[in-house]
Amino acid sequence: MAKKQMIAELDERKLKILTAVIRNYLETGEPVGSRTISKYTDLNLSSATIRNEMSDLEELGYIVQPYTSAGRIPTDKGYRLYVDSLLQNKEKEVEDMKNVLIEKAGKLDKLLKEVAKLLAANTNYTSMITGPQYRSRQIKFIQLSEITENQLLAVIVLEGNIVKNRMVSIGEEIGKEDLIKLNVLINTFLQGLDTSQINISLIKKLKEQSMGHEEIISSLLDEITAVIEEEDEIQIYTSGTTNIFKYPELNDTAKATGLLNAFEEKSQLETLMNVSDDDITKPDIIDGNENNEHGIKVYIGAENQLPEAKDCTVITADYQIKEGVYGKVGIIGPKRMDYEKVVGTLKNFMGQLDDIFKENQEDEKKKS
């Protein structure tokens with residue numbers, strides 16, 4: 001039976017009950033009764049009504065009663081419908097988000113470049129701004145596919161629709177039905193988690209229900225950990241780099257060359273901007289104001305981690321597009337810079353960025 005025909009065969013209520021049976025069975029490994037489902041779903045149906053629906057599902061071949069007076073467990077046909085429905089929804093979700101991100105990426109790219117340009121023009125110093133980074137590394141979806149007898153392809157989708165592909169070597173053969181069940185299992189257990197939440201107890205349950213494929217689970221978890229912890233390449237935009245020549249103390253050939261070279265090296269710019277600073281949301285006291293919502297920080301002379309900037313001051317601020325998605329804005333100039341003007345300008349620009357991002361989020365809510 002074709003996928004769409006199978007899905008069309010069940011009404012919404014039966015599909016929800018089947019989904020509840022499968023998820024509960026995956027979690028407990030025990031046959032699932034109607035009373036459990038009445039508490040598990042949001043259908044607000046009586047146990048008797050659910051029993052009737054489960055009887056229909058059994059007649060259709062989606063669940064089976066392993067022995068008299070027991071609850072039901074999913075059949076291969078039930079697993080197949082569940083996985084097809086799951087993949088169909090996830091593929092559409094990822095595709096929709098991909099289109100939105102592509103559209104917004106171009107706009108955001110232009111916006112950040114314009115912000116860097118305007119900051120440099122308004123302060124007469126050099127400006128820097130990073131592209132957005134994702135603080136969250138939660139798992140949205142995982143798909144295992146067979147490539148060869150000894151290799152699986154793991155497509156790992158993280159929060160923010162970051163897609164990572166990893167090859168998982170296996171020393172055992174795995175049948176198609178077992179692979180389907182493994183996909184259901186790992187998504188049921190791992191969706192919405194990051195590495196800090198993948199504990200020994202969860203791993204034990206995963207392996208217990210892996211149908212003898214503990215080695216695959218171990219290899220997959222290793223790849224997931226590596227993917228979540230790896231750093232994405234950070235885009236950094238600069239403007240006004242020649243402004244440093246306006247200040248005699250930085251106009252020395254060696255100093256100017258060192259700074260200009262630093263602007264050409266992404267790793268040095270990351271150091272200058274302190275992009276690896278984990279303390280992003282901790283407020284500093286600026287101008288006696290403890291409510292420093294944009295995390296404005298001032299690094300003077302030797303406080304800068306980059307030797308080429310020892311005669312400079314760097315002032316940075318944080319922007320946040322939405323929860324878990326953030327970036328940094330920075331201004332670099334001589335130590336005798338106009339601190340009041342730079343901090344005031346940064347605050348003004350950060351406020352405008354907040355308004356833009358807030359409007360975008362409100363537009364997204366209206367469209368959804």
Side-chain angles (χ1 to χ4, degrees), residues 109-133 233-319 326-353:
D109 184 71
K110 291 178 181 177
L111 173 64
L112 296 179
K113 287 180 180 178
E114 189 63 23
V115 169
K117 184 178 177 181
L118 291 172
L119 275 173
N122 276 267
T123 61
N124 272 323
Y125 303 126
T126 300
S127 66
M128 304 164 286
I129 185 165
T130 71
Q133 300 164 259
E233 184 175 352
I234 301 170
Q235 182 69 52
I236 302 180
Y237 308 98
T238 61
S239 186
T241 53
T242 57
N243 283 346
I244 60 175
F245 294 113
K246 295 179 180 180
Y247 305 97
E249 61 267 49
L250 301 178
N251 203 10
D252 174 86
T253 303
K255 292 178 181 178
T257 301
L259 280 173
L260 288 174
N261 287 338
F263 291 137
E264 296 295 322
E265 293 289 334
K266 186 176 74 70
S267 60
Q268 294 196 61
L269 279 179
E270 289 178 10
T271 300
L272 198 60
M273 289 279 282
N274 294 281
V275 295
S276 61
D277 187 353
D278 294 329
D279 201 16
I280 289 169
T281 57
K282 181 180 177 181
D284 289 342
I285 298 176
I286 302 293
D287 295 338
N289 178 18
E290 295 185 9
N291 185 23
N292 180 17
E293 61 179 326
H294 292 111
I296 296 177
K297 296 179 181 179
V298 181
Y299 304 90
I300 302 171
E303 293 175 356
N304 290 302
Q305 297 183 39
L306 197 66
E308 289 83 352
K310 65 180 181 180
D311 295 313
C312 303
T313 286
V314 177
I315 301 181
T316 66
D318 306 323
Y319 70 82
Y326 64 92
K328 283 201 169 192
V329 179
I331 302 290
I332 180 170
K335 286 189 283 188
R336 62 183 179 92
M337 71 161 52
D338 188 338
Y339 291 93
E340 184 177 358
K341 178 182 178 181
V342 172
V343 170
T345 301
L346 264 180
K347 286 182 177 179
N348 180 42
F349 271 83
M350 302 313 288
Q352 292 183 48
L353 278 177

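Sequential numbering from 1 along the given sequence is applied to the chain's residues. Please read all numbers here as calculations on a predicted model, not as lab measurements.
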Taking all atoms of both residues into account, what is the closest heavy-atom pair of [X] and [Y], and its distance?
X    : Y    : result
I296 : A317 : CG1-CB, 3.8 Å
I332 : C312 : CG1-CB, 3.9 Å
A256 : I244 : O-CD1, 4.0 Å
T313 : M337 : O-CE, 3.6 Å
L119 : S127 : CB-CB, 3.9 Å
E303 : V298 : OE1-O, 3.6 Å

Residue pair I300, Y339: steps toward the side-chain contact (heavy atoms from CB on, under 4.5 Å) verdict: CA-CA 11 Å; I300 302 171; Y339 291 93; 4.1 Å; yes
First locate atom [atom1] of [X], then atom [atom2] of [Y], and finally report the distance between them rounded to the nearest 0.5 Å.
X    : Y    : atom1 : atom2 : answer
K113 : I129 : NZ    : CD1   : 12.0 Å
K117 : T238 : NZ    : OG1   : 13.0 Å
E265 : I236 : CD    : CD1   : 11.5 Å
L346 : T123 : CG    : OG1   : 8.0 Å

Verdict with supporting geometry, F349 and V329, side-chain contact (heavy atoms from CB on, under 4.5 Å): CA-CA 10 Å; F349 271 83; V329 179; over 6 Å; no
Criterion side-chain contact (heavy atoms from CB on, under 4.5 Å) on D338 and N124, from CA distance to verdict: CA-CA 10 Å; D338 188 338; N124 272 323; over 6 Å; no
Any side-chain heavy-atom pair of F263 and M128 under 4.5 Å: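 Yes, side chains in contact.
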Validation row: L112, Y319 side chains within 4.5 angstrom (heavy atoms):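 Yes. Closest side-chain heavy atoms under 4.5 Å.
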Donor-acceptor contact present, side-chain K341 to main-chain N122, <3.5 Å: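 Side chain of K341 to backbone of N122: a pair is present.
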Heavy-atom donor-acceptor pair, T316 side chain to M273 backbone, under 3.5 Å: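 No, because the side chain of T316 does not come within donor-acceptor range (under 3.5 Å) of the backbone of M273.
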L260, L259, N261 screened by side chain to side chain contact (heavy atoms under 4.5 Å, CB included) with T257, the one that passes: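 The option that passes is N261.
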Intermediate values then yes/no, side-chain contact (heavy atoms from CB on, under 4.5 Å), Y237 and V115: CA-CA 9 Å; Y237 308 98; V115 169; over 6 Å; no
Pairing of E249 and K335 as salt bridge, 4.0 angstrom limit: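 No, E249 and K335 are not salt-bridged.
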Pairs satisfying ring-ring contact (aromatic ring centres under 6.0 Å, His included), at least one member in residues 110-132, at least two apart: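 Residue pairs passing ring-ring contact (aromatic ring centres under 6.0 Å, His included), neighbours aside: Y125-Y247.
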